[in-house]
Amino acid sequence: MSPQETVFRLLTLYFIIFMEYNFSEIERRWQEAWAKGAVYKVDNVSEKPHFYVLDMFPYPSGAGLHVGHPLGYIASDIYSRYKRLRGFNVLHPMGFDSYGLPAEQYAIQTGQHPEKTTMENIAHYIEQLRKIGFCYDWNREVRTCDPDFYRWTQWAFSRMFNSYFDPKTQKAQPIAKLIAEWEQNDPTWPKLSEREQQERLMHHRIAYLADQKVNWCPALGTVLANDEVSEGLSVRGGHPVEQRVMRQWCLRVSVYAPRLLEGLDRIDWTESLKETQRNWIGRSEGAEMQFRIKGRDDAFTIFTTRADTVFGVTFMVLAPESEYVQQIVTPEHKEEVDAYLNRCKHRTERERIADRKVTGVFSGSYAINPLTQAEIPIWISDYVLAGYGTGAIMAVPAHDSRDYAFARHFSLPIIPLIEGADVSEASFDAKEGKMINSGFLNGMEVKDAIQAMKEYITNTGIGRVKVNYRLRDAIFSRQRYWGEPFPIYYKNGMPYTLPDECLPLLLPEVTNFKPTETGEPPLGNAPMWAWDEQNRKVVDKKLIDEQTIFPLELCTMPGFAGSSAYYLRYMDPHNEEALVGHEANDYWRQVDLYLGGSEHATGHLIYSRFWNKFLYDLGYVCEDEPFKKLINQGMIQGRSNFVYRYIGEGATGNLYISYNLIDNPEYKDKVQPIHVNVNIVHNDVLDIDAFRKWMPEFRNAEFVFADGTSYDDNPYLAGPKQYICGWAIEKMSKSMFNVVNPDDVIAQFGADTLRLYEMFLGPLEMSKPWDTNGIDGVHRFLKKFWNMYETIEDGEPTPEELKSLHKLIKKLTWDIENFSFNTSIPALMIAQNELYTLKCHKRAILEQLAILIAPYAPHIAEEAWHRCGHDTYVVDAEWPECNEAYLVESVQKYPVQFNGKVRFTLECPKDTPKEEVEKLVLAHEDTKRYLGDMQIRKVIVVPGRIVNIVMG
RNA sequence: GCGGCAUUGGCGGAAUUGGUAGACGCGCCAGACUUAGGAUCUGGUUCCGAGAGGAGUGAAAGUUCGAGUCUUUUAUGCCGCACCA
């Protein structure tokens, strides 16, 4: 190479580097500029219409973000940026759900304070999020473990403690109102002692203490909520969970069941999510009835949805936990019953679910069927649940499969009540047919019979119509350290709230995060943990005298406490007077769009609706539903890669066979798949060098390559030597080596590519595997997009250029409004291709294009916008309007079908009348050919669409 | 068992109101440039068939001039709930 040539080459190289799409430089530069210019800061005062876009805030785990987390964040970011371009004042905040078990368990294992690890994890998360280029207003960040935040969690709890639910108005009210009412109208009230009064109030408070059968997890040393337990194991950690009765704080969520159900009709959530909540709330309409006990004065109450079947009741069943059991058991049966109860008590929920054998025991007592006056035996069995209905049922074996199984097992009578129902093999559970054996109901349809019976029992006073809900109160105590302390102290064993002005009650320092030796929760280890009522401050617990200094609550609040109202705090995060100021709340009102995973359907999303309705009742917030529209993003699964170790004859354990060869006879069933780190595999081709360096055991790995050879000394001379990996879709997890970190993707391709690619993968709501195989295509698109801005020319755009642009405007506008982000990326690619073909470098087109891509790829858009000569930020531009005039075609193409099969395309001028189109088609030279010797029956012309010739 | 969602090329997916199924991207094939290619560019790529043509959206039936789209039945997968009276 001559010196001249060398210089020329270097210059060319320099030019290429200079002009090349240098994403890391562009992204770093604009991220800094946005931060410096406070570009994403949002004001609560604005002339603009408001819009609130919220992501479910993450728990900052030690593992950092993986590529699945940002999926929803990117979608909401696109929407936020679009709304801002559309002239809205957009609230788009982010924060951290930073109390929780993992940090505490890590603390127990390592002695590191959970606060320290939590803060480090948050810092890592922020750094990762920052690199993706989200338009969050970080000024509004909240952290649930921050005293300035949990002050309001404690405040809300105090409000719940000091409120009751008024059944008449179906609203929460200050408990002072109830006390005032009793003072006026209830002569027994003033006679009660302070303690008795407190006990009575406890039955009405929204936040109350009660002995509860709880899910106790010995391994975690804490109580878990129902949704934190799955199949008898803790969701976090998989430890066994058992039933135990403990005194716990509870939230009276169940009283809100009707409103939680009704509210679903007024919010724009997916049907599946609403259905899940309806299911969870579990409304059933039925009747409550009294069954007298033979030989006694009292009766017990049952709940049934099949009032029509009373004539077929042949026995009664009580739940083992029912309070009636001890009252009705006869001396002869006591021993047997006690043995059964004992067995039930020791069976964990898990065993009960796993074992479906019919079990039960006869109590010795009989009840009287209120309609037939027949004597029916009362049994006890654990297939009846204490927590649902009244814990007692009337059994109708002919028409309920569980009752049927029970009756069969214990040889109890079965009376069919519906004409033609065959109950010799199974019960007839369907609610249809004509009634028989049912006295005055005979001949009626089931539906009418239910109605008639309801009227009958109401009129005769043996029962009443009743709606029942499955939803139970939430247990709100956790025997943990890393959570919000309750603003509660105990005077004579009764709880009292700390004055609001004394909040936050700070989480005390402890040196040991485990339960105390006496089995108290970890806060029992805190020396400074007593309340001085007179001086209104936390003092050493040695000073407790039960006169002025009292013990503080030792439990902390559960994970869902901090996440139940965080969306309100973002509206007004620095307000020191209120959770959210009225002015800020009146402006933002509610979350307009909430994005998150469907796994929160029955936990967080029920609790925060409850919490919000409670605050609404007391007038603290102006909307009774927190989240107007909600979209679930799908999960991102992992895509694992495998290498295949040869284990056949003469195996050294060091030879790996390319995936395409493993079914060959010589290797079939002689290879063992081994997970390989997906980060050293590109398009399913293994990076040999990286593999050998990955782990010591692969250092001397040898290969049979895709072409069947093993020679790899110099791949350049021998042609491409590729080792192809196999693959499988699995959960994204460290052990499968398929975790992809967004930082790595950003380092290799840039944040804009990551954002585009995550959207390009498929519809937002669907789960899909993270498959890096397609990412090159998206990155190539951005490179080509970048090249269009190499030179920028002035001049009038041509009609073709305008058509491309406006087609894109129309498409993207529709896509974003309909959350169809995956289809936007192809639209952008098509526009880029068209404009490239047209060699378009016109400013008028390119600057609009920069705005259009801005929500999706904000960094490249910002750079492009500035290249077009602007010195404002692209987020402050205006979203372009589609001008339909540019999209009008001068010719109309008609696909012409013969009996529904497309044969040719007819071109005719736009707006050719229907009759004219028909004439043109019939005159077309090909028509005769396709018609053959058949007759035309009918010609259908859909203007602007299609022509179909029906022949026969 | 109940409820919800899904099923389209080798792969991810598109088809927005019932109107040319397979857009766009990956991969693959061929070519150009190149010392080289995990770079770039051009063309091709649903299947069967040399071709004309035929088949085709998990399966079966139906409505319709016309169905991936609507209806019914059914299979498979995913998610949620579950002795809920």
Side-chain angles (χ1 to χ4, degrees), chain A residues 16 270-280 282-284 286 302-306 309 317 352-353 356 358 381-385 387-396 399-403 405-406 429 468-470 598-599 601-602 632 634-635 637 639 682-685 687 715-717 720 722 727 757 760-763 765-778 780-781 783-784 811 814-815 817-818 820 822-830 833 893-905 937-942 944-952:
Chain A
I16 288 166
T270 58
E271 206 41 51
S272 72
L273 191 59
K274 289 206 250 186
E275 209 48 48
T276 303
Q277 288 215 344
R278 285 192 192 108
N279 224 314
W280 191 258
R283 180 184 196 272
S284 52
I302 58 97
F303 174 76
T304 180
T305 53
R306 291 294 301 272
T309 59
V317 188
R352 275 178 68 165
I353 290 168
R356 299 220 165 197
V358 175
S381 172
D382 66 359
Y383 85 88
V384 174
L385 305 177
Y388 185 75
T390 60
I393 62 154
M394 59 175 217
V396 186
H399 302 288
D400 181 287
S401 48
R402 292 151 307 169
D403 297 346
F406 194 85
D429 291 10
N468 216 4
Y469 294 92
R470 196 181 77 99
S598 55
E599 66 271 22
T602 52
N632 292 128
M635 284 211 267
Q637 296 142 312
R639 186 179 189 277
H682 191 87
N683 287 342
D684 292 335
V685 175
D687 180 333
Y716 301 141
L717 292 177
Q722 295 192 327
W727 58 273
Y757 188 58
F760 185 65
L761 274 175
E765 298 93 329
M766 303 273 196
S767 329
K768 52 228 153 193
W770 176 262
D771 179 355
T772 33
N773 285 351
I775 202 164
D776 295 315
V778 170
R780 260 197 290 272
F781 157 69
K783 276 192 203 165
K784 288 186 270 186
K811 175 71 180 149
W814 193 92
D815 280 353
E817 302 270 6
N818 292 281
S820 172
N822 55 320
T823 51
S824 302
I825 318 303
L828 284 160
M829 289 173 171
I830 290 166
N833 271 329
K893 285 182 185 170
Y894 279 100
V896 180
Q897 299 182 330
F898 290 79
N899 280 350
K901 288 195 173 66
V902 179
R903 295 302 183 182
F904 61 86
T905 313
R937 294 261 170 99
K938 201 172 174 185
V939 179
I940 292 146
V941 180
V942 185
R945 285 279 186 192
I946 204 160
V947 178
N948 192 10
I949 295 171
V950 187
M951 51 189 195

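Only this structure's heavy atoms are used, side chains among them; waters, hydrogens and symmetry mates stay out. A note on names: the letters A, B, ... follow the listed sequences, proteins ahead of strands, and every chain is numbered from 1. Being a predicted model, the structure only gives us computed values, none of them experimental.
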Distances under 3.5 Å between protein N/O atoms and the N/O atoms of nucleotides 62-65 of chain B, please, pair by pair.
residue: B:C65; atom: O2'; partner: A:Asn948; partner atom: ND2; Å: 3.1
residue: B:C65; atom: O2; partner: A:Asn948; partner atom: ND2; Å: 2.8

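- When both distances must be under 3.5 Å, the Watson-Crick or G-U wobble mate of B:A23 does not exist.
- The C1' atoms of B:C41 and B:G51 are separated by 33 Å, rounded to the nearest whole Å.
- Comparing the P positions of B:U42 and B:C33 gives a spacing of 15 Å, expressed to the nearest Å.
- Across all strands, A:Arg780 comes closer than 4.0 Å only to sugar-phosphate atoms, never to a base (heavy-atom distances).
- Using N1 to N3 plus N6-O4 or O6-N4 for Watson-Crick, or N1-O2 and O6-N3 for G-U wobble, each under 3.5 Å, B:C84 pairs with nothing.
- For the pair A:Arg780 and A:Asp776, the salt-bridge criterion is not met [side-chain N within less than 4.0 Å of a carboxylate O].
- In this structure, of B:G25, B:A15, B:G80, it is B:G25 that holds the atom nearest to the side chain of A:Met829.
- Here the separation of B:A85 from B:A75, taken at their C1' atoms, is 33 Å to the nearest Å.
- Here the shortest heavy-atom pairing between A:Val384 and A:Ala392 reads CG1-N, 4.2 Å.
- Looking at every heavy atom in both residues, A:Tyr894 comes nearest to A:Arg945 through CE2-N, 3.7 Å.
- Defined by atom type and a distance below 3.5 Å, a donor-acceptor pair is missing between the side-chain atoms of A:Asn632 and A:Ser598.
- One C1' atom belongs to B:A60, the other to B:A52, and the distance between them is 32 Å to the nearest Å.
- Nucleotide B:U71 forms a pair with B:A61, judged by Watson-Crick or G-U wobble geometry with both contacts under 3.5 Å.
- With a cut-off of 3.5 Å on both Watson-Crick or G-U wobble distances, the partner of B:C5 is given as B:G77.
- Atom name C1', nucleotides B:C47 and B:G10: the rounded distance is 12 Å, in whole Å.
- Along RNA chain B, the nucleotide nearest to A:Val947 and the one nearest to A:Gly774 differ in position, and the one closer to the 5' end is contacted by A:Val947.
- The nearest whole Å value for the distance from the CZ atom in A:Arg278 to the P atom in B:A82 is 18 Å.
- For the C1' atom pair drawn from B:A67 and B:G3, the interatomic distance equals 28 Å after rounding to whole Å.
- When rounded to the nearest whole Å, the span between OH of A:Tyr469 and C1' of B:A82 equals 20 Å.
- Taking the side chain of A:Ile946 as heavy atoms from C-beta on, and the options B:C24, B:U20, B:G27, the nearest nucleotide is B:U20.
- Across all strands shown, B:A36 forms no Watson-Crick or G-U wobble pair with both key distances under 3.5 Å.
- Remark: B:C41 base-pairs with B:G31. Criterion, Watson-Crick or G-U wobble with two distances under 3.5 Å.
- Ring geometry, A:Tyr388 versus A:Phe303: the interplanar angle exceeds 60°, so the pair is classed perpendicular (tilted spans 30 to 60°).
- A distance-only check finds no donor-acceptor pair linking the side chain of A:Lys893 to the backbone of A:Gly944 [under 3.5 Å].
- Both A:Asp776 and A:Lys811 sit near RNA chain B, but only A:Lys811 has its closest nucleotide nearer the 5' end.
- Of the candidate nucleotides B:A82, B:G25, B:G19, B:G19 has the atom nearest to the side chain of A:Arg945.
- Following rounding to the nearest Å, A:Phe781 (CZ) and B:A23 (P) show an atom-to-atom distance of 18 Å.
- Remark: side-chain polar atoms of A:Asn948 are paired, donor with acceptor, to backbone N or O of A:Gly900 under 3.5 angstrom.
- Closest heavy-atom contact between A:Asp403 and A:Met394: OD2-O, 4.0 Å.
- Between the side chains of A:Ser284 and A:Asn468, no donor-acceptor pair of N or O atoms lies under 3.5 Å.
- The distance between atom CG of A:Asp429 and atom C1' of B:C83, rounded to the nearest whole Å, is 12 Å.
- Taking atom C1' in both B:G18 and B:C26, the straight-line distance is 32 Å, to the nearest Å.
- The line from NZ of A:Lys784 to CE of A:Met829 is 8.0 Å long, rounded to the nearest 0.5 Å.
- Here the side chain of A:Asn818 pairs a donor or acceptor atom with the backbone of A:Trp814 at under 3.5 angstrom.
- Listed nucleotides: B:C81, B:A14, B:A39. Nearest to the side chain of A:Lys783: B:A39.
- A:Asp403 has its CG atom 7 Å from the C1' atom of B:A85, to the nearest Å.
- Distances shorter than 4.0 Å separate some side-chain N or O of A:Arg402 from OP1 or OP2 on B:C84.
- Nucleotide B:G53 forms a Watson-Crick or G-U wobble pair with B:C48, both donor-acceptor distances falling under 3.5 Å.
- Across all strands shown, B:A15 forms no Watson-Crick or G-U wobble pair with both distances under 3.5 Å.
- The side chain of A:Val902 sits closest to B:U20 out of B:U20, B:A85, B:U16.
- Across the protein-nucleic acid pair, A:His399 atom NE2 and B:C83 atom C1' stand 19 Å apart, rounded to whole Å.
- Under the 90° criterion around 0 for the glycosidic angle, B:G9 counts as syn.
- Between A:Trp280 and A:Tyr469, the gap from one ring centroid to the other reaches at least 6.0 Å.
- Taking 4.0 angstrom as the limit, A:Arg903 places a side-chain polar atom (N or O) nearer than this to OP1 or OP2 of B:G54.
- For the pair A:Leu273 CG and B:C5 P, the interatomic distance rounds to 12 Å; values are reported in whole Å.
- Contact of A:Lys901 with B:U20 (side chain to base): no donor-acceptor pair of N or O atoms is detected under 3.5 Å.
- B:A55 and B:C2 have their P atoms separated by 39 Å, with the value rounded to a whole Å.
- Counting to the nearest Å, the C1' atom of B:C78 and the CG atom of A:Asn632 are 14 Å from each other.
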Output one line per pair: protein atom, nucleotide atom from nucleotides 8-13 of chain B, and distance, for all N/O pairs under 3.5 Å.
residue: B:G12; atom: O2'; partner: A:Leu761; partner atom: O; Å: 2.7

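- For A:Asn773, counting side-chain heavy atoms from C-beta on, the closest listed nucleotide (B:C26, B:G3, B:C83) is B:C26.
- Closest contact between the side chain of A:Ile830 and the listed nucleotides B:A23, B:G4, B:C84 involves B:A23.
- A side-chain donor-acceptor contact under 3.5 Å links A:Gln277 to the backbone of A:Ala601.
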